[in-house]
Amino acid sequence: MAIKTVADLLLHELSDTYSAEKQMTKSLPRMARAANDIELAQAFLDHLEETRAQVERIDQVVELLGLKLKRIKCAAMEGLVEEGKDLIDGIEKGPVLDVALIGAAQKVEHYEIASYTTLITLASKLGYTAALPLLEASLAEEKATDEKLGLLGQAAAIENAQAD
């Protein structure tokens, strides 16, 4: 897809973010199963529901703007998902894996925060104000998830350090 205008870039970024979110709907259940801590596993499952809603919001944005998503695969998310798989395969289930999963999940959240921030900026520049509340809702969820993971990570790191 040739990107020549800001509108082209918005469509590309929407398509990329859609792919990223769809990949996460497959990855989050795996992360929940791998988590040892019940609260962490539940956080992954809670975010799975939010992620499904974020996919629906992108569909709403696309419909609202009369766009058609491009079939692309988000390479960045593919790499982040693979990194998470490597952690699950390489670390025994327990507190150390939990800390690793939190770090991997926060990397994903930071990527998604950047993606939604970019989408909001582009939509705003193009005057697509009707799309902004949908994108802002997803951004707020990503930020809240990052904060929750950070708190879980601090608690897990402290518990793990005390166990050593």
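In this chain, residues are counted from 1 in sequence order.
- Annotation for A7 and L126: closest pair CA-CD1, 3.8 Å, computed over non-hydrogen atoms.
- When all heavy atoms are compared, the tightest approach of M24 to P29 is O-CD, 4.3 Å.
- The distance from the CD atom of E39 to the CG atom of L152 is 5.0 Å, given to the nearest 0.5 Å.
- L132 approaches S124 most closely through the heavy-atom pair CD2-N, 4.0 Å.
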Please list, one pair per line, the donor and acceptor atoms closer than 3.5 Å that link side chains of residues 55-69 to other protein atoms, with sequence neighbours excluded.
from, atom 1, to, atom 2, distance (Å)
R57, NH1, S138, OG, 2.9
R57, NH1, E141, OE1, 3.0
R57, NH2, E141, OE2, 2.9

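- Using a 4.5 Å heavy-atom cutoff, the side chains of Y18 and I72 are not in contact.
- In this structure, K93 places its NZ atom where more than 12 heavy-atom neighbours from other residues, nucleotides or ligands lie under 6.0 Å away.
- If you take OH on Y116 and CG on L134, they are separated by 10.5 Å, rounding to the nearest 0.5 Å.
- The OG1 atom of T117 lies 11.5 Å from the CD atom of E112; values are rounded to the nearest 0.5 Å.
- In summary, the side chains of Q54 and H47 do not present any donor paired with an acceptor at a separation below 3.5 Å, with no hydrogens or angles considered.
- Listed by first and then second residue, the salt bridge (Lys or Arg N to Asp or Glu O under 4.0 Å) pairs involving residues 40-51 are D46-K148, E49-R52 (not counting sequence neighbours).
- Rounding to the nearest 0.5 Å places NE2 of H12 at 11.0 Å from OG1 of T118.
- Nearest heavy atom pair, residue E92 against residue L97, reads O-CB, 3.5 Å.
- For E78, the CD atom is densely surrounded, since the number of other residues' heavy atoms within 6.0 Å is greater than 12.
- In terms of modelled atom types and a separation under 3.5 Å, the side chain of D146 and the main chain of K143 share no donor-acceptor contact.
- For the pair A32 and A41, the tightest heavy-atom approach, listed with the atom from each and the gap, is O-CB, 3.5 Å.
- Summarising the geometry, atom CD1 belonging to I113 is positioned 6.5 Å from atom CG belonging to L139; distances are rounded to the nearest 0.5 Å.
- Although no hydrogens or angles enter the test, the distance criterion places no donor-acceptor pair under 3.5 Å between the side chain of T17 and the main chain of L14.
- Between C74 and Y111 the shortest side-chain heavy-atom distance falls below 4.5 Å.
- Rounded to the nearest 0.5 Å, atoms CG (L10) and OH (Y128) are 6.5 Å apart.
- Side-chain atoms of D98 come within 3.5 Å of backbone N or O of D37 as a donor-acceptor pair.
- The closest side-chain donor-acceptor pair between S19 and Q23 falls under 3.5 angstrom.
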Show every donor-acceptor pair shorter than 3.5 Å between a side-chain atom in residues 81-91 and any protein atom, with sequence neighbours excluded, or say none if there are none.
from, atom 1, to, atom 2, distance (Å)
E83, OE2, K107, NZ, 2.5

